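Heads up, the thing below is written out as structure tokens.
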Amino acid sequence: MSKIINVIKGTKDILPKDIPSWHRLESVALDVFSRYGYKEIRTPIFEATELFARGVGDTTDIVNKEMYTFEKSDRSLTLRPENTAGVVRSFIENGMSRLSAPVKLWYHGPMFRYERPQAGRQRQFHQVGVEMFGIEQPTADAEVILLAVNYLKSLGLNDLTVEINSLGCPTCREAYKAKIKEVLKPEFDNLCEDCQNRYERNPLRLLDCKVESCKEIFEKPEIKKVIQSDFICEDCAEHFSQLKSYLDTMGVRYSENKLLVRGLDYYNRTVFEIKSNNLGSQNAVCGGGRYDRLVRNLGGEDTPAVGWAMGMERLNSLLPEVEAEKLDAYVVSNFPKEAFMLAEKLRAEGKSVEFDLTNKKFTKQLEKASKVANFALILGEDEIKSGTVSVKNLATSEQNTVKENEVLALL
RNA sequence: GCGGGUGUCGUCAAGUGGUUAAGACCUCGGAUUGUGGUUCCGAUAUGCAUGGGUUCGAAUCCCAUCUCCCGCCCCA
């Protein structure tokens, strides 16, 4: 035997026994999202590298060190690390801004990020997500969050925590960033290496550093005062408080988390995450927010938008496995041609039917039938002579011999 | 990218330097030439992630690489 080739690090086969669980995520998504008026969209899994550099943001870890990028015919292409940029590209390219707002889209599929694999994190993983375009009112933010909560509820997940925050608009956020940088300037050399990096790239991320020495710095009164100040402008504050009031009305339980920043550059105003306590350190099942500037940044008309994505592997790990369905029937017979014909006839009627292709002994066939099917259809010499089939319910052992054309009604 | 652990059959595992590497499940065959799910019997790793090294002798000790897991970073 020659050397076997393994799946590459951070990727996984989704095997037949896992497929029912994946079908559940997809079919519940189709069902719930359709009720909110969302249409599915499928975009390519690779795009121009520039789409992600401009879309996701070139200060983000995702773009800086996690993308699978390759050259082909002098073009730089990238396996999508997330799907918002791709959906926005398609929205613009297909003139969807001419459709009457809101335009509601959903998707599911594989994403690729070059990260160190661990529990709940792979290099190829799957996301299901939604995007809503054209509505700037907080009703959109609220509906999208409600949709996420109801999707999770429909899957059977109730004990999850919704966290929300507002990042403000470019104007008020830049002012806030400037203030943070100013007040931390004297302490710059005392910050950890990560924080020194973040200081320039994304000062908002400084706030939830776990290093003790940094935490101490952020506890200093004059610094704490700046960090905890309500920096967002009146309009943003109004938007945020309306969102909260809608969530209250709709009975969505949430907590505010000022440290919730999110790593993608395109967010403004509302950001949110939904977390589970049963996932270890990779505990976010859902992340999203508003991204009012992205469509314009990617060359489209100014279009407000809001959306989220969920990690499907993480969802599956929180849910009980879905059992595979048994066959409707297994034909037990030592007459392959007759067995073949019976199986085909029932298959044409929509039943799932198998029979033994190797003509094993009767008892072996029945044993197999009991493992894989609900009914055994016994087709021996006696039955063939009389044009009948013995239908055996394998759960109750009940057996009836009926005319061949009556079999269908018993399954 | 950094730090710590891990790896024996398809699966779960025993084995911690000394003859043929336990056991269980799964799979396959037989007991049983038309009645299964129970039972009984049998088969299935010349090999212990991979490659080197130490030793008379290595699954066991050492080194390297890889995997998966845990934490950091980040994220779904």
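Just so it is clear, the structure is predicted and the values come from calculations on it, not from any experiment. Order of the sequence lines fixes the chain letters, A, B, ..., with proteins taken first and strands second; residue numbering starts at 1 for each chain.
Atom CD1 of residue A:I378 and atom OG of residue A:S390 lie 5.5 Å apart, to the nearest 0.5 angstrom. One finds the OG1 atom of A:T303 at 4.5 Å from the CZ atom of A:F91 (value rounded to the nearest 0.5 Å). A distance of 7.5 Å separates OG in A:S333 from CG in A:N359, rounded to the nearest 0.5 Å. To the nearest 0.5 Å, atom CD of residue A:E40 and atom NE2 of residue A:H108 are 4.5 Å apart.
For a distance-only test at 3.5 Å, the side chain of A:R121 qualifies as a donor-acceptor partner of the base of B:rC74. Within 3.5 Å, a donor on the side chain of A:E383 pairs with an acceptor on the base of B:rG34, or the reverse.
Checked against B:rG34, B:rC74, B:rC70, the side chain of A:S390 finds its nearest nucleotide in B:rG34. Comparing B:rG34, B:rG37, B:rC74 by their nearest atom to the side chain of A:S397 picks out B:rG37. When distances run from any side-chain atom of A:P117 to the nucleotides B:rG34, B:rC69, B:rC73, the shortest one goes to B:rC69. In the set B:rC74, B:rC73, B:rG3, the nucleotide with an atom closest to the side chain of A:E115 is B:rC74.
Positionally, the nearest nucleotide of RNA chain B for A:K392 lies more toward the 5' end than for the other of A:A309 and A:K392. Taking for each of A:Y114 and A:R314 the nucleotide of RNA chain B with the nearest heavy atom, the 5'-most of the two is the partner of A:Y114.
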Determine, stepwise, if the pair A:K351 / A:L408 fulfils side chain to side chain contact (heavy atoms under 4.5 Å, CB included).
-> CA-CA 8 Å; A:K351 296 296 177 187; A:L408 183 64; 3.8 Å; yes

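Using a 4.0 Å heavy-atom cutoff across all strands shown, A:G129 reaches no nucleic acid atom at all. At the heavy-atom level, A:N6 lies nowhere under 4.0 Å from the strands shown. Counting non-hydrogen atoms under 4.0 angstrom, A:A119 reaches the backbone sugars and phosphates but no base. Nucleic acid contact class of A:L315 (heavy atoms, under 4.0 Å, all strands): none. Using a 4.0 Å heavy-atom criterion, one finds that A:Q399 contacts the bases of the nucleic acid, with or without backbone contacts as well. Within the 4.0 angstrom heavy-atom criterion, no nucleotide atom of any strand lies near A:E313. Within 4.0 Å (heavy atoms only), A:A395 reaches at least one base atom of the nucleic acid. Residue A:G287 is classed as a sugar-phosphate contact, given heavy-atom separations below 4.0 Å to backbone atoms only. Here A:G288 lies out of heavy-atom contact (under 4.0 Å) with every strand.
To the nearest whole angstrom, the two C1' atoms, one in B:rU16 and one in B:rA58, are 12 Å apart. To the nearest whole angstrom, the two C1' atoms, one in B:rC9 and one in B:rC26, are 11 Å apart. B:rU33 and B:rU38 have their C1' atoms separated by 23 Å, given to the nearest Å. For B:rG7 and B:rA14, the P atoms lie 10 Å apart once the distance is rounded to whole Å. B:rU65 and B:rC74 are spaced 27 Å apart, taking the C1' atom of each and rounding to whole Å. Between B:rA59 and B:rC48, the two C1' atoms lie 4 Å apart (nearest whole Å). B:rU46 and B:rG10: their P atoms are spaced 9 Å apart (whole Å). Here the separation of B:rC62 from B:rU54, taken at their C1' atoms, is 7 Å to the nearest Å.
With hydrogens and angles ignored, the 3.5 Å screen pairs a side-chain donor or acceptor of A:D328 with a backbone N or O of A:S352.
Between A:K179 and A:E182 there is no salt bridge, since none of the side-chain N atoms of the basic residue sits less than 4.0 Å from a carboxylate O of the acidic one. One finds a salt bridge joining A:E143 and A:K104 here, because a Lys/Arg side-chain nitrogen approaches an Asp/Glu carboxylate oxygen to under 4.0 Å. Look at A:R35 and A:D31 and you find a salt bridge, because one of the NZ, NE, NH1 or NH2 atoms lies within 4.0 Å of a carboxylate O, short of that distance.
Rounded to a whole Å, the CZ atom of A:F362 is 7 Å from the P atom of B:rG34. Atom CZ in A:R116 sits about 12 Å away from atom C1' in B:rG5, given to the nearest Å. Note: CD (A:Q365) to C1' (B:rU32) measures 15 Å, nearest angstrom. Computed from coordinates, the A:N334 CG to B:rU35 P distance equals 12 Å when rounded to whole Å. Between A:R123 atom CZ and B:rU67 atom P there is a gap of 7 Å when expressed in whole angstrom units. We find that CG of A:D382 is positioned 17 Å from P of B:rU33, with the value rounded to whole Å. At whole-Å resolution of the value, OH in A:Y267 and P in B:rC74 are 16 Å apart. Atom CD in A:E82 sits roughly 14 Å away from atom C1' in B:rC74 (whole-Å rounding).
Taking side-chain N and O atoms only, A:Q118 has a distance below 4.0 Å to OP1 or OP2 of B:rG71.
B:rG51 and B:rC63 make up a base pair, with Watson-Crick or G-U wobble contacts both under 3.5 Å. Base pairing annotation: B:rG1 forms a Watson-Crick or G-U wobble pair with B:rC72, both donor-acceptor distances under 3.5 Å. Across the strands present, B:rU20 finds no partner; the criterion is a Watson-Crick or G-U wobble pair with both atom distances under 3.5 angstrom.
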Restricting to nitrogen or oxygen on both sides, can you table the protein-nucleotides 24-31 of chain B pairs closer than 3.5 Å?
{"from": "B:rA31", "atom 1": "OP2", "to": "A:K361", "atom 2": "NZ", "distance (Å)": "3.0"}

Give me the distances for all protein-to-nucleotides 39-43 of chain B N/O pairs that come in under 3.5 Å?
none

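Taking a 6.0 Å sphere around NZ of A:K275, one finds it holds more than 12 heavy atoms contributed by other residues, nucleotides or ligands.
Ring geometry for A:Y151 versus A:F33: interplanar angle of 30 to 60°, hence tilted. Between A:Y176 and A:F231, the ring planes lie parallel to each other; the angle is under 30°, not in the 30° to 60° tilted range.
Looking at A:T388 and A:E404, their side chains never bring a donor and an acceptor atom within 3.5 Å of each other.
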